[in-house]
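Single-structure report; data block below.
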Amino acid sequence: MILILEENDEDDDNRNSEKNWDGNKNNREKPIRAAFGMESSSESSFKPMEAYITEWKEQLKNKPAPPLTTMRQARMEKEIALLERLSLGDDAVSELSNLWVNARGPNAANTLQIAETLAREGAWKHAEVVLLMMIQEEGLHFLAPISQLATLLKMQGRLRESKELHELVLSQKPWFMNSLLRIHSVCKKMNDQKELVKWDNELVPPMENQAKRAVWVHRMVKQARDHMKDAQQGLQSFFDNNFSQLGSEGSVLVENEDSWQ
């Protein structure tokens, strides 16, 4: 299943859905909080979204990407192969989306589904908390929850924050199509013509214009390969630094791609 929150241009009308959430709010909230260890937490436990965005931008700016584990390299190679297939048609789009959603395994994918269900029911604040906790747990290089949070904010009319989160995703993977489509929609809603033109030029060209599609695919594949090359160099530096400290008897084991941070 592709976990993409549905949205349309009737967001102003849909914004009332949270107000209409039924009176059994506390009963429905309880299992959600228990499942995510939120029994004693409250809205005041979380910072304003802008504070998180600023913090995440600084993290991406000042910290290198996680070392390239064998599993991560295999996913990146598959991702590049799927990008290359886009020159032939759109069949690979759903496979790419599923690859991104399942990048951290079934438990993380299930959490994304829970957040999506909460959002569809109008429980936007709780969906936001689930996604925030997930980003803090999994790190900023798992892009699916960041993109999903950006979509959730757009549904609430929080357009500037939504745009900034999509930019955070696209700064890491310019070919992340979920966010490419969403940021274009956000800029349209903001009536920001300059940004609209910018992101319109970044969208995947339709197959009717095969020449433009081929150029787009070539550009994105090159960026993806450069991304993987940088990650390989980061892995070498990671081991060089750690083994020089541990000595011949030492060992380094990376179980979680973002745990080293």
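This chain uses plain numbering: 1 for the first residue, then up along the sequence.
For the side-chain hydrogen bond (donor to acceptor under 3.5 Å, both in side chains) test, residues two or more places apart in sequence or in another chain that qualify with Gln193 are Asn191. Residues passing the side-chain hydrogen bond (donor to acceptor under 3.5 Å, both in side chains) test with Glu79 are Trp100, Lys173, Trp175, sequence neighbours excluded. Partners of Lys212 by side chain to side chain contact (heavy atoms under 4.5 Å, CB included), not counting sequence neighbours, listed by chain and number: Pro205, Asn209. Annotation: side chain to side chain contact (heavy atoms under 4.5 Å, CB included) contacts of Gln172 (sequence neighbours excluded): Leu60, His141, Leu143. With sequence neighbours left out, Arg85 forms a side chain to side chain contact (heavy atoms under 4.5 Å, CB included) with Leu82, Asp91, Ala92, Glu95.
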Start with the C-alpha distance between Trp124 and Glu128, add both sets of side-chain angles, then the distance that settles side chain to side chain contact (heavy atoms under 4.5 Å, CB included), and finish with yes or no. CA-CA 6 Å; Trp124 290 340; Glu128 185 175 326; over 6 Å; no
Apply side chain to side chain contact (heavy atoms under 4.5 Å, CB included) to the pair Lys154 and Arg182, showing each step before the final yes or no. CA-CA 9 Å; Lys154 194 262 185 180; Arg182 302 303 187 193; over 6 Å; no
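In this structure the side chain of Leu68 reaches within 4.5 angstrom of the side chain of Met76, judged on heavy atoms. Met134 is listed as a side-chain neighbour of Leu112, based on a closest heavy-atom distance under 4.5 Å. You'll find the side chain of Lys63 stays beyond 4.5 Å of the side chain of Glu58, heavy atoms only.
Taking CD of Glu164 as the start and CD1 of Ile183 as the end, the distance is 10.0 Å to the nearest 0.5 Å. Note that the CG atom of Leu96 and the CG atom of Leu86 stand 6.0 Å from one another [nearest 0.5 Å]. Between the CG atom in Leu131 and the CD atom in Glu116 there is a gap of 10.0 Å [rounded to 0.5 Å]. Distance CZ/Arg225 to CD1/Ile80: 5.0 Å, rounded to 0.5 Å. Summarising the geometry, atom OG1 belonging to Thr111 is positioned 10.0 Å from atom CD belonging to Gln148; distances are rounded to the nearest 0.5 Å. Rounded to the nearest 0.5 angstrom, Met177 CE and Ser147 OG are separated by 11.5 Å.
Between Ala108 and Glu138, the closest heavy-atom pair is CB-OE2, 4.4 Å. Of all non-hydrogen atoms in Met49 and Leu153, the two that sit nearest each other are CG-CD1, 4.0 Å. Listed here is the closest heavy atom pair of Leu159 and Val186: O-CG1, 3.5 Å. Across all non-hydrogen atoms, the minimal contact from Ile53 to Glu161 is CD1-O, 3.9 Å. Residues Leu165 and Ala150 approach most closely at CB-CB, 3.6 Å, considering heavy atoms. Arg72 and Ala231 make their closest contact through NH1-CB, 3.8 Å (heavy atoms, listed as atom of the first residue, atom of the second, distance).
Under the 4.5 Å side-chain contact rule for hydrophobic residues, Leu181 and Leu196 do not share a cluster. In the hydrophobic cluster analysis, where Ile, Leu, Val, Met, Phe, Trp and Tyr join through side-chain heavy atoms closer than 4.5 angstrom, Val215 is grouped apart from Leu88. Both Val217 and Leu99 are assigned to one and the same hydrophobic cluster, defined by single-linkage of ILVMFWY side chains at heavy-atom distances under 4.5 Å.
Formation of a donor-acceptor pair under 3.5 Å by the Ser162 side chain with backbone atoms of Arg158 is not found in this model. Listed for the Asn102 side chain is a donor-acceptor partner under 3.5 Å among the backbone atoms of Asn98. Proximity of a side-chain donor or acceptor of Ser179 to a complementary backbone N or O of Phe176 within less than 3.5 Å is not detected.
Under a 4.0 Å N-O distance rule, the pair Glu50/Arg160 qualifies as a salt bridge. Contact check on Lys47 versus Glu55 returns a salt bridge, with a Lys/Arg side-chain nitrogen under 4.0 Å from an Asp/Glu carboxylate oxygen.
The list of side chain to side chain donor-acceptor pair (under 3.5 Å) pairs with a residue in residues 196-206, not counting sequence neighbours, reads His184-Asp200, Glu195-Trp199, Glu202-Arg219.
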